[in-house]
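Here is the structure we will look at.
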Amino acid sequence: MTNPTDVLVLAAAAADGGNAWDAIVAFVQDWPNMWPNLWLSTQDTIYMVVWSTIVSVLVGLPLGVLLVATDRGGLTPAPAVRAVLSAVVNVGRSLPFIVLMVAVLSLTRFLVGTTLGPTAAIVPLSIGAIPFFARLVETSLREVDRGVVEAAHAMGTRRFTIVGKVMLPEALPGLIAGLVMTVVALISYSAMAGAIGGGGLGDLAIREGYQRFNDHYLWATVILLIVIVQVAQSIGDLLVRRLSRR
C-alpha cells in the first residue's frame, strides 16, 4: 500500500520540477527582448576590461620589474626604493574594490569629467588592477633561473637588455598566466562598478534585475559574465601551453 506521505512528496517534487521548467521556458522566450540591452552592456563590459587591462600592463609591468630589480641581489639593489614601492602596492591590493571606486570619485571626475559610464569606470578598474598585476609580474620574474641572469650580467650585458631580452622572455608563460588572472579579476571588478553607475553587465543587473525584480536579467547577466570569463581563461590557457612548449 502506498504511503500517503510519499505521494505528497512526489507530488511536490513534480510541481517544483514543473515550475522550474516553466521558469526556464519563460527565460528563453524573454531572451530576444533582453538581447539588445544585454548586447550593449556586454560591449561596455568588454570596453572597460580591455582598456583597463592595457593601462594595468603599461603601469603594472614596469612596477613589477622595479620590485624585482631593486630588491637585495637584484640588478639595481635599492632596498629603500623597494620598500616604498612594496608599501604602495600593498595598500592598493588591500583596499576592497567597492571602497576604492568611491575613494577615487574625485580623481575620476578630474580625469574624464564624469563619474558615470564605462569610460569613468576605467579609472578605478585600472587603479585596482595595477598593484594586482605588479605582484604577479614580480612572482613570475622571481621564478626565472638566476644562473641565466647572472651569466648575462657577467658577459657585460646592460641591465635594460637583461630585463628585456632575458628576464621577460624567460618569464613569459608566467606573465601571460598573470595577465589572464588580471583580466578575470577585472571582469569581476567591472560587474561591481555597476553599483555606482559604471555601466556594463553589472549595471544592467542592478537596474533591470535587482531594482525592477526581473530575475531574467539577473540570470542573463550571470550567464554572459561566465561566458566572457571562460573565453578569456581558455585563450590564456592556450597561450600559456604553447609558450611553455618552446
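Two residues are said to be in side-chain contact when any heavy atoms from C-beta on lie closer than 4.5 Å; Ile127 and Val55 fail this criterion. Between Ile46 and Thr42, the closest side-chain pair of non-hydrogen atoms falls below 4.5 Å.
Closest approach of Met48 and Gly199 over heavy atoms only: CE-O, 3.6 Å. Of all heavy-atom pairs between Ser56 and Ser52, the closest is OG-O, 2.6 Å. Residues Gly178 and Leu136 share a closest heavy-atom pair of O-CD1, 3.3 Å.
Under a 4.5 Å side-chain heavy-atom cut-off, the cluster of Ile, Leu, Val, Met, Phe, Trp and Tyr residues that includes Ile226 is completed by Val222.
Side chains of Tyr47 and Thr119: a donor on one and an acceptor on the other come within 3.5 Å.
Leu175 CG to Leu141 CG: the interatomic distance, rounded to the nearest 0.5 Å, is 6.0 Å. Taking OG of Ser190 as the start and CG of Leu201 as the end, the distance is 7.0 Å to the nearest 0.5 Å.
Counted within 6.0 Å of CH2 on Trp219, heavy atoms from surrounding residues, nucleotides or ligands total more than 12; the atom is thus considered enclosed.
Looking at Thr221, its side chain does come within 3.5 Å of a backbone N or O of Leu218 through a donor-acceptor pair. In this structure a side-chain-to-backbone donor-acceptor pair under 3.5 Å is present from Ser140 to Gly174. A donor-acceptor pair under 3.5 Å links the side-chain atoms of Ser94 to the main chain of Val91, judged by distance alone. Ser86 places no side-chain N or O within 3.5 Å of a backbone atom of Arg82 that could act as its donor or acceptor partner.
Tyr217 and Trp35 fall within a single hydrophobic cluster, where Ile, Leu, Val, Met, Phe, Trp and Tyr are joined by side-chain heavy atoms under 4.5 Å apart, directly or via other members.
Taking a cutoff of 4.0 Å between a charged side-chain nitrogen and a carboxylate oxygen, Asp203 and Arg207 qualify as a salt bridge.
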